[in-house]
Amino acid sequence: MAVGVGLLVVVLSIFNGFQKQVKESLWQGGPHITIENSYGSGAIYDYEKVIQHLKADPKLAESFVSVEGNITSHGLIQSNNNFNPIMIRAVPVDSVEKLVENGLPNFPRILQYDRDEIQSINTKKLVVVGKEMSAIYGYGLGREITMAVPGGRFTVERGVQVNVQTFRLVGLFKTGYYNYDSKFVFLSLPQAQEFFKMQGAVNQVAIKVRSLDDLKLTKHRILSRLNEDNWNQKIQDETSWSVRTIAEEQENFLAALRLEKTIISIIVFLFIVLAALGMVATVHSLIRAKRRSIGTLKALGLASNDILLIFTLNAMIVGILSSLVGGMTGIFIATKLEVIINIISEIINGIGGLLNPGDWDPVELVPKDIYYFDHIPVDIDISFIFMVTTAATILSGLAGYFPARMAANLNPVDTIRND
């Protein structure tokens, strides 16, 4: 029982930490809510008026961290003689100081940058790419990068027009979410408007909110606000609003995380159930060993309910102690997991180095380049541990009840005679 509880605490703490870190990386990587125009070319020309209209609602203004016009589009980036698909995102850079200090809400955390060149990010063709993209394509700071994006409308005679420009790489960012860090290129909004030929326009209004728990409610309020009658007839005639949340965009991924956690929880919880079945056998063996004593006590007048209570409480006490020991052990292992894994890795590498001094490749039990974590994520949920220990105690009581009931129904005369 103690092993099952401890194992469940460790496994679920790791899964909770993994989910928490993935979600934080996901939330930091892009806007929480995006507003787009499904009408015509998709450009939003009077986006500042749209932002002011949204902020005029006190409830919406209170829930927003930031609201700004963005340009987000698919593009191509040149690597050697090939063009590879990427995502290009342009955001306003009101202050270069805030940019380098990671104070812009819709710009990811910058790890490295050219301090002198990045000052001109609003006036020169400069970009910031993900750390993973720089590793994939071999880009370093100062590298000239050629990008291509669609330009103009599609026509049968001329096909799709393409704009091609060369930018200089001045910074590397990291969100912790691989798809962002390997696919996205960031640049300032003025340069993107020129690149995409969208002077004075954006194709997206990006919103960061204070509480991710209220995304659905905030989305409905935004839609209601935008669809109000005649708040700006010119804008309404040129737009057909589409509002999406990051939870909707990543719905399959988040559902897969929840399903994975549920399945692992069920599998590990079966260890506790198995331990409870083992306790049934243990209590049954104890009753068989104490048959004569039980018969004597019943012959002296001890009630059957007291016998039932004694053996049931015995099982519950064992369950409580097992739950406490397992829970405390699980918490200790979860908090020291990275240290324990490093020690095991050092032991394996030490033994391997002695056995094969020339051919041994060092072993890393949790490769950071595969799992994309700087450390093993652990999030201990005390309420969940309390729920597990309570469930283990109840199962222990049930495991002891049925054999105890058999003991309570023993005939004292037959028991004493036969034993």
What distance separates [X] [atom1] from [Y] [atom2], expressed to the nearest 0.5 Å?
{"X": "Arg115", "Y": "Leu141", "atom1": "CZ", "atom2": "CG", "answer": "12.5 Å"}
{"X": "Asp379", "Y": "Ile14", "atom1": "CG", "atom2": "CD1", "answer": "12.0 Å"}
{"X": "Ser73", "Y": "Met198", "atom1": "OG", "atom2": "CE", "answer": "8.5 Å"}
{"X": "Arg109", "Y": "Lys174", "atom1": "CZ", "atom2": "NZ", "answer": "7.0 Å"}
{"X": "Ile86", "Y": "Leu76", "atom1": "CD1", "atom2": "CG", "answer": "7.5 Å"}
{"X": "Asn70", "Y": "Asn203", "atom1": "CG", "atom2": "CG", "answer": "8.5 Å"}

Are a donor atom and an acceptor atom from the side chains of Asn37 and Thr239 found within less than 3.5 Å of each other? no

Can you find a side-chain donor-acceptor pair between Thr72 and Arg89 that sits under 3.5 Å? yes

Under 3.5 Å, side chain of [X] to main-chain N/O of [Y], donor-acceptor pair present?
{"X": "Gln191", "Y": "Ser188", "answer": "no"}
{"X": "Asn314", "Y": "Ile310", "answer": "no"}
{"X": "Asp57", "Y": "Lys59", "answer": "yes"}
{"X": "Asp181", "Y": "Thr175", "answer": "yes"}

So do the side chains of [X] and [Y] get within less than 4.5 Å of each other, counting heavy atoms only?
{"X": "Pro403", "Y": "Val280", "value": "yes"}
{"X": "Asn227", "Y": "Trp241", "value": "yes"}
{"X": "Gln193", "Y": "Leu189", "value": "yes"}
{"X": "Ile207", "Y": "Ile35", "value": "yes"}
{"X": "Tyr137", "Y": "Val129", "value": "no"}
{"X": "Thr218", "Y": "His32", "value": "no"}
{"X": "Leu60", "Y": "Val67", "value": "no"}
{"X": "Ile121", "Y": "Tyr113", "value": "no"}

Chi angles and distances behind the side-chain contact (heavy atoms from CB on, under 4.5 Å) call for Val127, Met147: CA-CA 11 Å; Val127 295; Met147 295 193 297; 4.0 Å; yes

Taking every non-hydrogen atom, the tightest pair across [X] and [Y]:
{"X": "Val50", "Y": "Leu226", "value": "CG1-CD2, 3.8 Å"}
{"X": "Val9", "Y": "Gly330", "value": "CG1-C, 3.7 Å"}
{"X": "Leu215", "Y": "Ala247", "value": "CD1-CB, 4.1 Å"}
{"X": "Ala56", "Y": "Pro58", "value": "O-CD, 3.3 Å"}
{"X": "Tyr139", "Y": "Ile145", "value": "CD1-CD1, 3.8 Å"}
{"X": "Ser66", "Y": "Asn106", "value": "OG-ND2, 3.6 Å"}

More than 12 non-hydrogen atoms from neighbouring residues, nucleotides or ligands closer than 6.0 Å to [atom1] on [X], yes or no?
{"X": "Phe83", "atom1": "CZ", "value": "yes"}
{"X": "Met87", "atom1": "CE", "value": "yes"}
{"X": "Glu249", "atom1": "CD", "value": "yes"}

Throw together a table of side-chain donor-acceptor distances under 3.5 angstrom for residues 90-98, partners on residues two or more places apart or in other chains.
unit_1 : atom_1 : unit_2 : atom_2 : d
Ser95  : OG     : Glu97  : N      : 3.3
Ser95  : OG     : Glu97  : OE1    : 3.3
Ser95  : OG     : Lys98  : N      : 3.2

Quick one: do Phe386 and Ile382 satisfy side-chain contact (heavy atoms from CB on, under 4.5 Å)? Show the steps, please. CA-CA 6 Å; Phe386 177 77; Ile382 299 300; 5.5 Å; no

Using the side-chain contact (heavy atoms from CB on, under 4.5 Å) rule, take Ile331 and Ile380 through it: C-alpha gap first, then chi angles, then the decisive distance, then the call. CA-CA 7 Å; Ile331 292 173; Ile380 298 173; 4.0 Å; yes

Is it true that Phe167 and Phe195 have ring centroids separated by less than 6.0 Å?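 Distance test on ring centres: under 6.0 Å, yes.
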
Phe186 vs Phe173 aromatic rings, parallel, tilted or perpendicular, using cut-offs 30° and 60°? perpendicular

Where do Ser396 and Val318 land on the side-chain contact (heavy atoms from CB on, under 4.5 Å) test, with the steps shown first? CA-CA 8 Å; Ser396 300; Val318 172; over 6 Å; no

Sequence neighbours excluded, which residues qualify as salt bridge (charged side-chain N to carboxylate O under 4.0 Å, His left out) partners of Arg143? none

